[in-house]
Amino acid sequence: MLFTPYRMGALTLPNRIVMPPMTRSRAADGNVATPLMAEYYAQRASAGLIVSEGTQISQQGQGYAWTPGIHDEAQIAGWRGVTDAVHAAGGRIVAQLWHVGRVSHTALQPGGAAPVSSSALLAEGVKVFVDPQGRGPQGGVGDMVQHSMPRALAIDEIPGIVNDYAQAARNAIDAGFDGIELHGANGYLINQFIDSQANQRTDGYGGSLQNRLRFLREVVEAVAAAIGAERVGVRLAPLTTLQGAVDDTPQATYLAAAHVLDSIGVGYLHIAEADWEDAPVMPVAFKEALRMVYRGTLIYAGKYTVERAEEALAKGWADLIAFGRPFIANPDLPARLQHGLPLNAPDKATFFGGGAEGFTDYPVAETAGA
């Protein structure tokens, strides 16, 4: 199995470090991954596992300018350059597949159409990044604008989107990825079906908890059938309220979701903890319950320090720990953490868009590179 539970082996922290998905908005025209992106990911191949930035499964699934896709041949070829570079450097990489749902703008949608969601609900203050002047990623200049009013998906449209996920998973394997991660967090489409305050449907995809989990189940089953459940991971964010997705009973909802994923046999579950100031803390009892409900590999992310990571691994809540922003400025992060070396500070001005600056030009520590 690709994602054999890591708790079964005597691995040290550096081997258990995951590079989680982080949007960098540097795809070329046609939303194609570039050689510069291949260099960026290959630099970070010492991670135990790399999860790519969010990669839209269709044009309808795009929510931000300059993000890569994986729904046409040029995009598959672009990503193949990335996976080849990562594998040549000794790493493993999975593609994070996303459909942003309502978190988009008519400027990004096919034919200027409205974005789609579980329900026709606007998330006030939720903004997306657009490039109204068509300048491209090199300049790194665009606008943050309120997402457009979505329309509710008709029930007969849903199977087509489920198929888009399955085809994107096949495309990812064709592009050389070791597996895929479904983005079911952060207020995007799967999350918009799961969370009670984002889903006002009265058909078989809304209302009861089992109905709200139906879209998740159908997507995961389709992707598992396409590439094998052992190659599938799912990212969930039980206690976050990002981009207007709020659930009234999150612990019950996400334990039920974990049970669904366990029953299908997906390779891993990636839990994104809330990581902003004064964010709700995920209770230890909740983590222990997730471990009992879900028997596969568990990855946790959310402002982890070395000390917190070692505690999570020692107590069995997690098998792998994802360090997000530190990977931006420290391509050799596992070695730096192992040897207690200082970390480079990331340049926030270069997080999104642009070229090599703030992307592939961060230095490797001498000891780490030895």
Side-chain angles (χ1 to χ4, degrees), residues 20-38 40-41 50-86 93-117 128-131 134-138 140 142 147-148 157 160-186 188-190 219 222-223 226-227 231-233 235 352-354 359:
M22 291 179 287
T23 298
R24 302 305 306 275
S25 297
R26 281 171 166 83
D29 289 345
N31 299 323
V32 173
T34 67
L36 188 66
M37 291 168 61
Y40 166 77
Y41 282 108
I50 294 173
V51 185
S52 82
E53 61 208 272
T55 303
Q56 57 260 13
I57 63 171
S58 64
Q59 186 182 349
Q60 185 193 67
Q62 184 175 7
Y64 308 90
W66 317 328
T67 55
I70 196 158
H71 52 87
D72 66 32
E73 289 300 323
Q75 293 167 354
I76 295 170
W79 276 119
R80 191 173 295 116
V82 174
T83 61
D84 285 349
V86 170
I93 183 169
V94 298
Q96 190 191 59
L97 305 182
W98 68 350
H99 187 307
V100 300
R102 70 184 179 186
V103 188
S104 186
H105 192 274
T106 55
L108 297 166
Q109 291 292 302
V116 299
S117 184
V128 296
F129 184 77
V130 298
D131 181 9
R135 298 177 183 178
Q138 288 297 321
H147 85 84
S148 299
E157 293 179 284
I161 294 179
V162 171
N163 184 66
D164 287 344
Y165 275 105
Q167 185 58 54
R170 296 186 194 98
N171 293 347
I173 299 304
D174 288 346
F177 283 101
D178 297 298
I180 66 96
E181 176 178 291
L182 292 170
H183 200 339
N186 294 15
Y188 297 119
L189 184 61
I190 292 173
V219 169
V223 169
I227 66 170
R231 293 189 179 211
V232 178
R235 193 176 212 214
F352 307 108
F359 192 51

[atom1]-[atom2] distance between [X] and [Y], expressed to the nearest 0.5 angstrom:
{"X": "Thr34", "Y": "Tyr40", "atom1": "OG1", "atom2": "OH", "answer": "11.5 Å"}
{"X": "Gln96", "Y": "Thr23", "atom1": "CD", "atom2": "OG1", "answer": "7.5 Å"}
{"X": "Ser104", "Y": "Gln59", "atom1": "OG", "atom2": "CD", "answer": "9.0 Å"}
{"X": "Asp84", "Y": "Ile93", "atom1": "CG", "atom2": "CD1", "answer": "11.0 Å"}

[X] (side chain) donor-acceptor with [Y] (main chain) under 3.5 angstrom:
{"X": "Gln167", "Y": "Asn163", "value": "no"}
{"X": "Gln75", "Y": "Gly30", "value": "yes"}
{"X": "Thr83", "Y": "Ala175", "value": "yes"}
{"X": "Asp72", "Y": "Ala74", "value": "yes"}
{"X": "Asn171", "Y": "Ile70", "value": "yes"}
{"X": "Asp178", "Y": "Val94", "value": "no"}
{"X": "Asp131", "Y": "Gly136", "value": "yes"}
{"X": "Arg80", "Y": "Asp174", "value": "yes"}

For [X] and [Y], work out which heavy atoms get closest and say how close.
{"X": "Thr55", "Y": "Gly69", "answer": "CG2-C, 3.5 Å"}
{"X": "Ala65", "Y": "Ser25", "answer": "O-OG, 3.6 Å"}
{"X": "Trp79", "Y": "Pro68", "answer": "CZ2-CG, 3.5 Å"}
{"X": "Ala172", "Y": "Ile180", "answer": "CB-CG2, 3.6 Å"}
{"X": "Val82", "Y": "Ala33", "answer": "CG2-CB, 4.1 Å"}
{"X": "Ile57", "Y": "Ala168", "answer": "CG2-CB, 3.6 Å"}

Do Phe352 and Trp66 have ring centres separated by under 6.0 Å? no

Would you indicate whether the side-chain heavy atoms of [Y] and [X] approach each other to under 4.5 Å?
{"X": "Phe177", "Y": "Leu97", "result": "no"}
{"X": "Gln56", "Y": "His99", "result": "no"}
{"X": "Pro115", "Y": "Ser148", "result": "yes"}
{"X": "His183", "Y": "Pro21", "result": "no"}
{"X": "Leu189", "Y": "Ile161", "result": "yes"}

Has Arg26 got its NZ or CZ under 6.0 Å from the middle of the six-membered ring of Phe359, at an angle within 45 degrees of the ring axis? yes

Using the rule given for side-chain hydrogen bond (donor to acceptor under 3.5 Å, both in side chains), can you reason through Glu53 versus Tyr41, listing the C-alpha separation, both sets of side-chain angles and the distance that settles it, and then say yes or no? CA-CA 10 Å; Glu53 61 208 272; Tyr41 282 108; 2.6 Å; yes

Report the relative orientation of the aromatic rings in Trp98 and Tyr64; use parallel for angles under 30°, tilted for 30 to 60°, perpendicular for over 60°. parallel

